[in-house]
Amino acid sequence: MIPARRVKLFSNWFARYMRFRMRSYFKRLVVMPFKPKEGHSVLLLCNHFSWWDGLWGNYLAYWHLDRKLYIMMQEDHLRKRMLLNLFGGFSIDRTSREMIKSLQYAANLLNDNENLVVVFPQGQLISNHTTEIIVEKGIERLIKNIKGPCQIVYSCALIDYFESLKPSVFFHLYDCGVAGEVSFDELTERINSFHQQALKAQVDVEH
Amino acid sequence: MIYPKKNNIIRLGFHLYVRFIVARNFNAINFNTIEIDQDKSILLIANHSGFWDGFLLYWLRCKLLKKKFHIMLLEETSKRIPALKYGGAFSIQKKSRDVIDSLNYAARLLKDQGNMVLIFPQGKLYSNYVTDIAFEKGVMNIMKQAAGDFQLIFSATFIENFVHQKPTAYMYLRSAGQNNFDTISDLQQAYQQHYNNARQQQTQITV
């Protein structure tokens with residue numbers, strides 16, 4: 001497992017640079033109003049369907065949720081882009097026993113209420129049109145190991161084009177409860193119902 | 001209403017421009033091949049979720065349909081971008097007496113087997129995540145007037161990124177064999193069925 005070697009200064013530069021890149025690539029980045037709980041770290045569960053997801057996680061953490069970003073990445077992906085290691089990327093290898101170490105590492109990070117960990121519970125890229133989010137079992141172990149107060153947030157990102165040639169991305173954020181107070185089955189159920197809500201809300205979104 | 005204008009030089013410029021922006025902005029464009037009846041014109045019915053739809057379907061014309069392109073646009077859009085009329089756009093103004101002219105014109109175009117007419121019967125832009133497609137009834141008027149002269153094709157377009165920074169467009173096509181739909185709800189139902197199948201296939205994609 002590769003732990004994160006987060007450097008604050010570089011992470012700040014990266015967040016600014018990526019905001020610039022995103023603002024030029026996307027027509028709009030719309031974050032639905034959401035305030036994280038004070039004094040809690042944030043476990044940000046995102047739907048995974050595109051190349052941009054991790055970068056959006058960074059954008060949300062830095063500019064909206066006001067926490068230090070750490071992000072769980074597949075080991076082979078991280079090895080190809082070791083620069084991201086400096087911005088909070090740590091690895092998980094789902095095929096080896098080291099996976100447990102990665103989950104424990106993520107849980108430890110979440111004991112500090114200044115941190116935010118981005119995890120893609122689907123574990124692979126799945127179409128954005130899917131109506132069901134399959135949450136991998138590892139999330140259960142991760143949540144069990146968190147000792148400090150930690151809020152679980154589901155972020156559903158959806159892309160639409162509407163009148164522009166540039167895409168617009170809409171982030172629907174939902175509070176799934178506090179770690180330790182919500183069981184794994186309940187969490188899966190909530191994520192799925194929030195995902196359905198987000199798809200419905202997206203249809204009526206202003207454009 | 002605004003009629004298409006013929007100018008081979010501008011048309012060539014338009015053709016090259018569309019090919020260029022589609023190639024530049026998309027990683028790939030996937031569509032399924034269907035059989036095209038050379039003795040008939042084509043009425044292409046598509047979902048409308050963004051400004052790209054027209055361009056992507058123009059690209060489809062170049063690759064598969066190979067007929068003279070015509071597209072029905074809202075009067076506001078035609079006025080905002082006057083150059084589109086050189087690319088085969090004609091306008092329709094909802095809730096005006098001109099509607100009949102536009103529909104008659106579309107039906108006349110379909111009588112010539114070298115033409116194709118693209119129509120978005122939804123009448124305005126809807127999110128790409130919409131599940132129920134609602135049609136406005138004008139398209140029925142065209143189909144009745146030109147009955148037997150055209151091949152009816154349904155298209156459903158979805159745009160997704162997956163591992164690439166640039167998106168990939170997925171176009172699902174189906175030739176609606178018998179085109180003697182009696183009412184708009186029959187047509188809508190047939191399209192809805194195609195759209196549901198397309199969405200189902202789209203959500204099966206994992207990377």
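Note on naming: letters A, B, ... go to the chains in the order of the sequence lines (proteins, then strands), and numbering restarts at 1 for each one. Note: hydrogens, waters and symmetry copies are ignored here, and every other heavy atom, side chains too, is used.
- Residues from residues 199-207 of chain A that place a non-hydrogen atom less than 4.5 Å from a non-hydrogen atom of chain B comprise A/L199, A/Q202, A/V203, A/H207, given in numerical order.
- Residue B/Q193 places its CD atom among 12 or fewer non-hydrogen atoms of other residues, nucleotides or ligands, all under 6.0 Å distant.
- For residues 160-174 of chain B, a heavy-atom distance under 4.5 Å to chain A picks out B/E160, B/N161, B/F162, B/V163, B/H164, B/Q165, B/K166, B/P167, given by residue number.
- Inspection of non-hydrogen atoms places B/R199, B/Q202, B/T203, B/I205, B/T206, B/V207 of residues 194-207 of chain B under 4.5 Å from chain A.
- Comparing A/F162, A/F49, A/Y161 by heavy-atom pairs within less than 4.5 Å of chain B, the highest count is held by A/F162.
- Around atom NZ of B/K94, more than 12 heavy atoms belonging to other residues, nucleotides or ligands sit under 6.0 Å away.
- Of residues 95-102 of chain B, no residue lies under 4.5 Å from chain A by any heavy-atom pair.
- Counted within 6.0 Å of CZ on A/R28, heavy atoms from surrounding residues, nucleotides or ligands total more than 12; the atom is thus considered enclosed.
- With hydrogens and angles ignored, the 3.5 Å screen pairs no side-chain donor or acceptor of B/N128 with any backbone N or O of A/D160.
- Atom CZ of A/R6 has more than 12 heavy atoms from other residues, nucleotides or ligands within 6.0 Å.
- Other residues, nucleotides and ligands contribute over 12 non-hydrogen atoms within 6.0 Å of the OH atom of A/Y25.
- Using cut-offs of 30° and 60° on the angle between ring planes, the pair B/Y129 and A/H129 is parallel.
- Heavy atoms of A/L158 lying under 4.5 Å from chain B belong to its backbone as well as its side chain.
- Within a 6.0 Å sphere centred on NZ of A/K166, heavy atoms belonging to other residues, nucleotides or ligands number more than 12.
- Within a 6.0 Å radius of CG in A/L9, other residues, nucleotides and ligands contribute more than 12 heavy atoms.
- Taking a 6.0 Å sphere around CZ of A/R16, one finds it holds 12 or fewer heavy atoms contributed by other residues, nucleotides or ligands.
- Between chain B and the residues A/I159, A/D53, A/T130, the most heavy-atom pairs under 4.5 angstrom are made by A/I159.
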